[in-house]
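As structure tokens, the structure follows; a few thoughts come after it.
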Amino acid sequence: MSDLTTNIEMLNSHLACFRTDGILNLIGGESRPAASGATFDTSSPVDESVICPVAKGGAEDIDAAAAAAKAAFPAWRDMPALDRKKILNRIADLIVERAEEIALCECWDTGQALRFMSKAALRGAENFRFFADKATSARDGQQLQSPTLMNVTTRVPIGPVGVITPWNTPFMLSTWKIAPALAAGCTVVHKPAEFSPLTARILAEIAHEAGLPAGVWNLVNGFGEDAGKALTEHPDIKAIAFVGESKTGSMIMKQGADTLKRVHFELGGKNPVVVFDDADLDRALDAAIFMIYSLNGERCTSSSRLLVQESIAEEFEAKLIERVNNINVGHPLDPATEVGPLIHKVHFDKVTSYFETAKQDGATVAVGGTRAGDQGWFVRPTLFTNATNDMTIAQEEIFGPVLTAIRFKDEDEALTLANDTQYGLTGYVWTNDLTRALRFTNALEAGMIWVNSENVRHLPTPFGGVKSSGIGRDGGDWSFDFYMEQKHIGFATGPHKIPRLGA
């Protein structure tokens with residue numbers, strides 16, 4: 001990675017077109033301002049400067065995008081899978097070509113550190129390649145014999161779908177949702193988060209440059225209460241894939257009820273990392289720190305609750321305090337930076353409100369708990385100790401670089417604490433006792449669990465949570481289960497007896 005000065009110079013060259021033209025919607029293959037003519041500004045959390053104006057889409061824009069997606073659907077659905085595969089692989093190629101631009105723009109728009117975002121575009125390309133390869137088998141089914149019928153199953157794309165993506169790692173998460181939709185044969189209306197619209201526009205441009213037919217992928221910027229609500233209620237949109245807060249997921253489900261909208265939700269988490277006294281403590285320490293302080297703590301799978309066994313807690317927390325104090329907070333385009341600014345003042349205010357809450361609840365602010373600097377939305381990596389699981393800081397998703405440490409006596413108490421939350425996205429278990437690991441993970445209420453590891457994503461595996469952490473699974477064929485309908489066809493194998501009524 002280049003130095004900070006060079007990265008800023010390259011960023012400015014990439015932003016020049018946005019500063020001139022702003023970010024427009026993309027509907028039916030055409031760039032358009034919002035039908036109302038309204039715009040809003042997207043600003044960098046680094047220094048609060050305006051990046052560019054953005055089209056503020058509303059119901060009329062969503063209606064136009066849905067109509068374009070509906071019109072494009074039959075041809076895209078019926079396109080030979082090999083041809084769809086070629087287009088998706090071409091999208092991946094162009095993502096790689098523009099990886100530097102994507103990373104720099106994402107850092108400036110979101111505050112994420114370049115050390116993590118430098119690989120975001122490559123992960124996005126990997127998502128497209130993975131689902132490109134699966135496009136040719138998306139419609140595969142089964143042959144199920146019965147005494148009188150040969151039963152055949154297949155899958156067909158559900159139709160135009162809405163994709164609503166969040167502001168944390170928005171580029172990668174957009175590819176993660178849209179690539180399988182396109183591979184399945186669906187058309188898409190994408191509404192990115194209003195806090196981070198830059199790379200969504202770049203991605204849509206890449207898709208059309210790769211040869212994606214007009215109307216297959218439509219982009220409408222705007223706010224949840226306007227464009228988002230219109231999308232979730234639109235009768236031509238057959239399903240909604242959403243990544244974000246659990247409260248918003250509940251609202252989307254209500255809004256889509258009248259049109260019986262299928263939904264896939266990847267929601268919040270208050271994920272435990274459970275460290276037993278027989279674990280490799282150095283590796284557990286590395287993983288616990290990485291999973292809460294990387295990506296500014298703004299990740300649904302972060303290990304935001306540290307459950308550590310009493311017999312090792314004092315030593316483990318001492319090492320933890322030393323390491324957290326050494327985390328480098330700084331400009332996200334500086335290669336040395338480990339934690340950048342939070343996305344926006346609204347989120348900064350939310351995260352920092354928990355510093356006082358922790359003190360009121362009786363926890364100790366062992367590290368951090370303050371703003372960093374006086375410009376931009378920077379906070380010090382924070383550690384709360386002497387916490388109990390009934391405290392607000394142990395129950396609510398803070399979604400920042402904030403870790404709450406809780407001690408436990410034995411396995412039974414650890415399991416009770418781990419499950420005592422409304423969420424159930426991920427869990428991390430550190431132990432060298434295999435039978436304990438099997439026993440504990442079987443009883444842990446989480447959709448994804450890693451043993452003696454941080455979150456290491458494997459694309460064919462299912463991704464999703466239980467309880468308030470989500471509905472449905474992404475990854476491999478699980479993605480197609482959402483974007484496609486199962487179809488059964490029974491062929492009679494002979495003149496079996498048919499009941500005769502009224503004969």
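- Under a 3.5 Å cut-off, the side chain of Asp47 and the backbone N or O of Gln375 do not form any donor-acceptor pair.
- Side chains of Ser43 and Asp41: a donor-acceptor N/O pair is absent below 3.5 angstrom, by distance only.
- The side chain to side chain donor-acceptor pair (under 3.5 Å) test applied to Asn326 returns no partner, not counting sequence neighbours.
- Checked against the 6.0 Å centroid criterion, the rings of Trp108 and His14 do not qualify as a close aromatic pair.
- Between the side chain of Ser44 and the main chain of Ser49, no donor-acceptor pair closer than 3.5 Å is present.
- Between Trp176 and Phe131, the two ring planes are tilted [angle within 30° to 60°].
- Side-chain contact annotation: Asp140 with Ser137, donor-acceptor N/O pair under 3.5 Å absent.
- Side chains of Val402 and Phe355 form a contact here, defined as non-hydrogen atoms less than 4.5 Å apart.
- Inter-residue side-chain proximity for Phe18 and Thr42 is flagged as unmet; no heavy-atom pair is nearer than 4.5 Å.
- The heavy-atom pair separating Gly28 from Asn218 by the smallest distance is N-OD1, 2.8 Å.
- Taking a cutoff of 4.0 Å between a charged side-chain nitrogen and a carboxylate oxygen, Asp481 and Arg473 do not qualify as a salt bridge.
- Considering only heavy atoms from C-beta on, Pro332 stays 4.5 Å or farther from Leu114 through its side chain.
- When ring centroids are compared, Phe378 and Phe348 stay outside the 6.0 Å threshold.
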Go through it in stages, so that I can follow the logic: the residues are Arg32 and Asp61, the test is salt bridge (Lys or Arg N to Asp or Glu O under 4.0 Å), and I'd like the CA-CA distance, side-chain angles, deciding distance and then a yes or no. CA-CA 9 Å; Arg32 305 184 190 178; Asp61 304 285; over 6 Å; no

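- When the shell of 6.0 Å around CD of Glu48 is examined, it contains more than 12 heavy atoms from other residues, nucleotides or ligands.
- At least one donor-acceptor pair closer than 3.5 Å links the side chain of Asp334 to the backbone N or O of Ala336.
- Within the 3.5 Å criterion, the main-chain N or O of Lys177 finds a donor-acceptor partner in the side chain of Tyr483.
- Closest heavy-atom contact between Pro45 and Pro341: O-CB, 3.5 Å.
- Taking a 6.0 Å sphere around NZ of Lys261, one finds it holds more than 12 heavy atoms contributed by other residues, nucleotides or ligands.
- Counting heavy atoms of neighbouring residues, nucleotides and ligands inside a 6.0 Å radius, atom CE of Met251 does not exceed 12 of them.
- At a threshold of 4.0 Å, the pair Arg129-Asp133 does not count as salt-bridged, since none of the basic side-chain nitrogens sits closer than that to a carboxylate oxygen.
- Using a 4.5 Å heavy-atom threshold, the side chains of Tyr293 and Leu383 count as touching.
- The shortest heavy-atom contact between Ile237 and Val161 is CG2-C, 3.9 Å.
- In this structure, Lys134 forms no cation-pi arrangement with Phe480, as its terminal cationic atom is not both closer than 6.0 Å to the ring centre and no more than 45° off the ring axis.
- Side-chain polar atoms of Asn12 and Arg19 form a donor-acceptor pair below 3.5 angstrom.
- Judged by distance alone, with hydrogens and angles left aside, the side-chain atoms of Glu338 form a donor-acceptor pair with the main-chain N or O of Asn328 at under 3.5 Å.
- In the displayed structure, Glu225 atom CD is contacted under 6.0 Å by more than 12 heavy atoms of other residues, nucleotides or ligands.
- When the side chain to side chain contact (heavy atoms under 4.5 Å, CB included) test is applied to Thr301, the partners found at least two apart in sequence or on another chain are Met291, Arg299, Leu425, Thr426, Tyr428, Met448, Asn455, Phe463.
- A donor-acceptor pair is defined here as one N or O able to donate and one able to accept, closer than 3.5 Å; such a pair exists between the side chain of Asn7 and the backbone of Ser2.
- Across Gly159 and Lys238, no two heavy atoms sit closer than the pair CA-CG, 4.3 Å.
- Residues meeting the side chain to side chain donor-acceptor pair (under 3.5 Å) test with Arg98, sequence neighbours left out: Glu101.
- A distance of 6.0 Å or more separates the ring centres of Trp450 and Phe290.
- Annotation: the span from Asp109 atom CG to Leu198 atom CG amounts to 4.0 Å, rounded to 0.5 Å.
- Ring pair Trp217/His190 is tilted by interplanar angle, where 30° to 60° counts as tilted.
- Separation of atoms CZ (Arg371) and CG (Leu342) is listed at 10.0 Å; rounding is to 0.5 Å.
- Between Ile164 and Ile240 there is a side-chain heavy-atom pair separated by less than 4.5 Å.
- A heavy-atom distance below 4.5 Å is not found between the side chains of Pro335 and Arg115.
- Among the candidates Arg262, Arg77, Arg155, the single residue satisfying the salt bridge (Lys or Arg N to Asp or Glu O under 4.0 Å) test with Glu485 is Arg262.
- The shortest distance between side-chain heavy atoms of His234 and Thr259 does not fall below 4.5 Å.
- In terms of heavy atoms, Leu219 sits closest to Ala204 at CD2-CB, 4.3 Å.
- The minimum heavy-atom distance between Ser246 and Gly268, with the atom names listed, is OG-N, 3.5 Å.
- Not a single donor-acceptor pair under 3.5 Å links the side chain of His458 to the backbone N or O of Pro460.
- Atom OG of Ser294 and atom CD of Gln112 lie 8.5 Å apart (nearest 0.5 Å).
- Within 6.0 Å of NZ in Lys86 there are 12 or fewer heavy atoms belonging to other residues, nucleotides or ligands.
- By the 4.5 Å heavy-atom criterion applied to side chains, Ile206 and Ile95 are counted as neighbours.
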